[in-house]
Each structure stands twice: as C-alpha cells, then as structure tokens.
Peer 1: 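Mind looking over this structure? Questions follow.
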Amino acid sequence: MTTSTPSSQRRPPVMADVARLAGVSLGTVSNVVNTPARVKPATRRRVEDAIASLGFTPNTSARTLAAGRGTLIGFVAVDLGNSYFLDIARGVEREADLGQQSVLLGNSDVDLDKQTGYLKLFEQAQAAGIVLAPFDGPMDEARRLRRRGLRVVNVNWPGEADESCGVVVDEVLGGRLAAQHLLDQGRRELVFVGGPLDLTAVRHRFEGASAAAREAGVPLQLITTAALTVRAGLAVGSDLLAQDASARPDGIVAASDALASGIVQSLLLGGVRIPDDVSITGYDDNHFAQGTTLPLTTVGQPGVEMGGQAMRLLRDELDDPTDHRHETVVLPPRLIVRGSSLQRPGAEV
C-alpha cells in the first residue's frame with residue numbers, strides 16, 4: 001500500500017529538486033538565481049521554468065552564507081534634503097538592481113554620529129557592502145569597517161590610495177565654470193559667497209572661481225557664510241542691499257543653489273534687477289533651481305552617474321577582490337545657464 005504525504009507536510013522544494021527537474025547541475029541553478037547573465041538563455045529558461053513549476057523560493061540566508069556576503073547594499077547619504085544626494089541614491093539603486101541587490105538607505109543629516117550609527121547598523125545587518133556619501137569629517141568608522149573586511153566605496157568623496165575607491169566631481173572646474181560664465185557676460189565686480197571654507201567642496205569651488213578671476217585680471221571678493229542655506233543667502237542679500245548701489249558686485253558666484261536662491265529673493269525684494277544689475281550663479285542643480293520664479297543658473301553634478309559608478313566599483317571589488325584595484329573616478333560638472341545670469345533661459349553650455 002502506498003501512502004502519500006499530505007501537501008501541508010511536504011518539505012518545500014530545494015535547489016537540488018530544481019536541478020533534477022531542469023536536468024542541470026546545482027551550480028547552474030545557483031548561477032540562474034544569483035548571476036543569471038552567466039547562463040545561456042535556453043538553459044536559463046529551462047531552470048526558470050523548473051523554479052516556477054516547483055514553486056521554489058531561494059533561501060536568502062543560505063545564499064548569504066554560501067557566498068560569504070548578502071544581497072543587501074547600504075547607502076549612507078550626508079543630506080537627503082539636497083536633491084543631489086537623492087540623484088546619487090537613484091544611481092546606486094539602478095545599478096544594484098542589475099545585480100539583483102537591494103539598497104537600504106540611511107540619511108546622516110549632516111551628523112557624524114548618525115553616520116557612524118548607520119555604518120554600524122549596516123555591518124550588523126551583514127550588508128554585502130556600503131556606498132558612503134560622507135560627512136566632511138573624520139573617516140575613522142569607514143576605515144574600521146574596511147579593516148574588518150566590509151567593502152566601503154565613497155561617493156562625493158575621494159577614495160584612499162591602496163585602501164578604497166571613490167567617485168567625485170571636479171569641484172575646482174565647477175567653480176571655474178561659474179566664474180568664467182559671469183566674466184563672459186562682462187561682469188567685473190565678482191563676489192564668491194559660501195562657507196564655511198573648511199568644507200572641502202566649497203573650498204575647491206572657491207579655488208576654481210579664484211583661478212578664473214585671476215586669469216582675467218579681475219578681483220574676487222569672498223563673503224563667508226556659516227551654512228549653505230536659503231536663510232544664509234537671505235542674510236547676504238540683505239547685507240548687499242544695505243550697501244550703496246555703486247559698491248555692490250555685478251556678479252555673484254554662490255556655492256550652493258540654496259544660497260543663490262536666498263540672495264535672489266532678497267535682492268529682488270529690494271528692487272535689484274536680476275540679471276540686468278547683477279548676474280548670479282548657484283551650484284548643485286537642485287530640483288528647485290529650475291522651478292523658481294527666476295530660474296537659477298547653476299553648476300550641475302552628474303549625481304545619477306556618480307551613484308551608478310560607485311555601485312559598479314563596489315560590485316567589482318566584491319566579485320574580484322584579488323585583482324580589484326582601488327581608484328578615484330573624477331567626473332566633470334556642467335554649466336546650466338538660466339535666467340539668473342543670462343536673459344536666454346534654458347541654454348546650456
């Protein structure tokens with residue numbers, strides 16, 4: 001007499017069952033589940049049909065143990081209030097999707113302690129690796145994680161020689177592009193607004209703007225701010241309005257779009273004509289930069305591309321740690337010309 005096992009008591013199908021039904025090896029099934037691009041299309045379809053027929057569900061925990069790493073990628077951003085970092089996150093996620101990996105997002109909100117907390121959390125979660133857009137400060141926790149074997153790739157921050165990879169934008173070039181654009185409009189009384197200058201990106205933008213002004217034989221005044229916010233820009237605009245009109249700059253390079261937006265608001269309310277009396281550029285191409293009453297000329301950074309590149313560097317290090325070579329990829333910014341500096345909105349250079 002043959003007895004059957006009630007369906008409620010049958011064991012769930014395992015990878016070996018899929019291999020038998022599809023007539024392939026366990027390794028082939030594993031490749032279809034984890035790295036399908038490595039399997040010939042006809043074989044992949046046969047395995048996928050077997051998976052569907054059996055109702056097989058891959059055991060993520062087992063895959064993690066077998067591979068020595070999981071499918072989770074941690075991304076820590078310094079400030080998701082800045083849409084630039086949202087673009088980077090989108091690039092990380094798109095590239096991770098190609099490798100069937102999931103991204104868990106942490107916002108440090110310009111707080112070093114929160115950044116450290118997220119890095120520790122992703123380590124405890126056994127993340128395969130981390131993409132870090134860091135706070136401009138000590139990188140001790142990231143170094144500690146790398147020493148413990150967790151791969152960390154920086155974005156918007158350079159890698160460290162022989163230790164880690166990074167993806168950055170040429171900030172010096174960005175500052176130069178903004179200042180040169182104003183010079184090309186005939187502006188000769190230039191001001192750079194931004195701070196604090198101990199922020200690496202701001203300092204590099206100032207260096208680029210200074211180089212362009214110096215080469216043109218034009219002085220560049222520096223106005224430092226405590227932050228890169230709209231409020232700080234409003235204060236700068238108020239201070240400029242308090243000056244005699246003849247003493248005001250005719251060109252302003254702001255280190256962020258938020259700063260530029262605040263300056264524009266103050267000056268317009270004070271009766272200053274923009275860009276007739278003064279041309280203004282921002283930086284970052286935040287999502288609001290184009291949608292304001294007076295669209296901002298800005299320096300755009302390829303955030304999506306940066307995130308994708310960082311994720312590709314991380315995957316290369318995970319897949320081939322022996323031959324992987326650390327590098328810092330430098331991407332170019334681009335000047336986006338709008339109404340705050342030129343009376344031909346929408347043009348791009």
Side-chain angles (χ1 to χ4, degrees), residues 82-88 156 168-194 201-202 204-223 228-230 233 236-237 240 248-268 272-306 330-349:
N82 185 335
S83 64
Y84 166 54
F85 293 102
L86 292 175
D87 288 341
I88 293 176
N156 202 46
V168 297
V169 169
D170 188 340
E171 303 281 13
V172 175
L173 175 59
R176 175 184 284 274
L177 289 173
Q180 188 61 55
H181 169 65
L182 297 183
L183 291 166
D184 291 344
Q185 308 312 304
R187 306 304 184 176
R188 290 298 180 266
E189 301 293 333
L190 300 187
V191 169
F192 181 93
V193 179
V202 175
H204 288 172
R205 293 168 192 178
F206 176 60
E207 290 171 1
S210 297
R214 185 169 57 251
E215 291 168 9
V218 171
L220 178 69
Q221 181 186 349
L222 172 64
I223 297 177
L228 300 173
T229 60
V230 172
V236 169
L240 292 174
R248 292 176 195 150
D250 61 6
I252 298 174
V253 177
S256 76
D257 288 336
L259 268 177
S261 178
I263 295 169
V264 166
Q265 289 179 50
S266 278
L267 294 185
L268 287 177
V272 176
R273 297 173 303 161
I274 301 172
D276 297 330
D277 297 330
V278 57
S279 290
I280 299 175
T281 65
Y283 206 106
D284 285 338
D285 194 24
N286 265 284
H287 293 177
F288 66 80
Q290 187 171 6
T292 56
T293 303
L294 180 60
L296 290 173
T297 290
T298 188
V299 176
Q301 304 185 84
V304 174
E305 183 182 354
M306 292 173 70
V330 182
L331 299 176
R334 66 188 181 110
L335 179 68
I336 303 170
V337 180
R338 300 189 179 113
S340 68
S341 70
L342 187 69
Q343 290 177 310
R344 291 188 302 106
E348 293 189 9
V349 177

Peer 1: Is a side-chain donor or acceptor of Arg205 paired with a backbone partner of Glu171 at a separation under 3.5 angstrom?
Peer 2: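 Not a single qualifying donor-acceptor pair exists.
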Peer 1: Ser261: what forms a side-chain hydrogen bond (donor to acceptor under 3.5 Å, both in side chains) with it, not counting sequence neighbours?
Peer 2: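 For Ser261, the residues satisfying side-chain hydrogen bond (donor to acceptor under 3.5 Å, both in side chains) (neighbours in sequence not counted) are Gln265.
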Peer 1: Kindly indicate, with the supporting measurements, whether the criterion side chain to side chain contact (heavy atoms under 4.5 Å, CB included) is fulfilled by Arg334 and Val299.
Peer 2: CA-CA 6 Å; Arg334 66 188 181 110; Val299 176; over 6 Å; no
Peer 1: Do you know the tightest heavy-atom contact between Val169 and Pro302?
Peer 2: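 Scanning both residues, the minimum pair turns out to be CG2-CD, 3.8 Å.
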Peer 1: Restricting to pairs with a member in residues 285-296, which pass salt bridge (Lys or Arg N to Asp or Glu O under 4.0 Å), not counting sequence neighbours?
Peer 2: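 Applying salt bridge (Lys or Arg N to Asp or Glu O under 4.0 Å) to every pair that reaches into residues 285-296, excluding sequence neighbours, yields Asp285-Arg338.
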Peer 1: What heavy-atom pair brings Leu267 and Gly237 nearest, and what distance separates the two atoms?
Peer 2: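 Of all heavy-atom pairs spanning Leu267 and Gly237, the closest is CD2-O, 3.8 Å.
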Peer 1: Work out which heavy atom in Ser256 is nearest to a heavy atom in Asp284; give both atom names and the distance.
Peer 2: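 Answer, listing the atom of Ser256 first, then Asp284: CB-OD2, 4.5 Å.
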Peer 1: Who are the side-chain hydrogen bond (donor to acceptor under 3.5 Å, both in side chains) partners of Asp170, not counting sequence neighbours?
Peer 2: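 Not a single residue meets the side-chain hydrogen bond (donor to acceptor under 3.5 Å, both in side chains) criterion with Asp170.
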Peer 1: Can you list everything that forms a ring-ring contact (aromatic ring centres under 6.0 Å, His included) with Phe85? Sequence neighbours excluded, please.
Peer 2: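 For Phe85 there are no ring-ring contact (aromatic ring centres under 6.0 Å, His included) partners, ignoring immediate neighbours.
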Peer 1: For residues Leu331 and Met306, determine if any side-chain heavy atom of one lies less than 4.5 Å from a side-chain heavy atom of the other.
Peer 2: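 Yes. Closest side-chain heavy atoms under 4.5 Å.
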Peer 1: Taking atom types as modelled, find out whether Tyr283 and Gln301 have a side-chain donor-acceptor pair closer than 3.5 angstrom.
Peer 2: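 Judged by distance alone, the side chains do not pair up.
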Peer 1: Measure the shortest side-chain to side-chain distance between Leu182 and Ile252 over non-hydrogen atoms and say whether it is less than 4.5 angstrom.
Peer 2: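 SC-SC contact between Leu182 and Ile252 ruled out.
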Peer 1: Asn156: which residues meet the side-chain hydrogen bond (donor to acceptor under 3.5 Å, both in side chains) condition with it, sequence neighbours left out?
Peer 2: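 Asn156 satisfies side-chain hydrogen bond (donor to acceptor under 3.5 Å, both in side chains) with Tyr84 only.
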Peer 1: With Asp257, which of Thr297, Thr298, Asn82 fulfils side chain to side chain donor-acceptor pair (under 3.5 Å)?
Peer 2: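 Of all the options given, the one that passes is Thr298.
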Peer 1: Answer yes or no: is there a side-chain heavy-atom contact under 4.5 Å between Leu177 and Pro333?
Peer 2: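 Heavy-atom side-chain distance check passes, below 4.5 Å.
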Peer 1: Holding to side-chain hydrogen bond (donor to acceptor under 3.5 Å, both in side chains), I want the full list of residues that pass it with Thr281, two or more places apart in sequence or in another chain.
Peer 2: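 By the side-chain hydrogen bond (donor to acceptor under 3.5 Å, both in side chains) rule, Thr281 matches no residue at all.
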Peer 1: Please give me the minimum heavy-atom distance between Ala255 and Leu228, naming the atom from each residue.
Peer 2: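 The answer is CB-CD2, 4.1 Å.
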Peer 1: Please examine the side chains of Ser341 and Leu296, heavy atoms only from C-beta on, and report whether any two atoms are closer than 4.5 Å.
Peer 2: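 No, their side chains stay 4.5 Å or more apart.
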Peer 1: Salt bridge (Lys or Arg N to Asp or Glu O under 4.0 Å): which pairs involve residues 175-188, sequence neighbours left out?
Peer 2: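 Qualifying pairs, neighbours excluded: Arg176-Glu215.
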Peer 1: Heavy atoms, side chains only, cut-off 4.5 Å: are Ile274 and Leu294 in contact?
Peer 2: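 Yes. Closest side-chain heavy atoms under 4.5 Å.
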Peer 1: Compare every heavy atom of Ala212 with every heavy atom of Ala179, then report the nearest pair and how far apart it is.
Peer 2: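 Looking at all heavy atoms of both residues, the shortest contact is CB-CB, 4.0 Å.
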Peer 1: I'd like to check the salt bridge (charged side-chain N to carboxylate O under 4.0 Å, His left out) partners of Asp250; sequence neighbours left out, ordered by chain and number.
Peer 2: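 If we apply the salt bridge (charged side-chain N to carboxylate O under 4.0 Å, His left out) test to Asp250, skipping adjacent residues, there are no hits.
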Peer 1: Over all heavy atoms of both residues, which pair between Pro275 and Ser340 is shortest? Give the atoms and the distance, please.
Peer 2: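 Looks like CB-O, 3.5 Å.
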Peer 1: Side-chain contact, heavy-atom cut-off 4.5 Å: Leu190 with Gln221?
Peer 2: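 No; the side chains remain at least 4.5 Å from each other.
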Peer 1: Name all residues meeting the ring-ring contact (aromatic ring centres under 6.0 Å, His included) criterion together with Phe206; count only those two or more places apart in sequence or in a different chain, and write none if there are none.
Peer 2: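 With sequence neighbours excluded, Phe206 shows a ring-ring contact (aromatic ring centres under 6.0 Å, His included) to Phe192, given in chain and number order.
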Peer 1: To the nearest 0.5 Å, how far apart are CG in Leu268 and CD1 in Ile263?
Peer 2: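 Reported value, rounded in 0.5 Å steps: 11.5 Å.
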Peer 1: Could you check if a side-chain atom of Ile280 sits within less than 4.5 angstrom of a side-chain atom of Val278, using non-hydrogen atoms only?
Peer 2: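 Yes. Closest side-chain heavy atoms under 4.5 Å.
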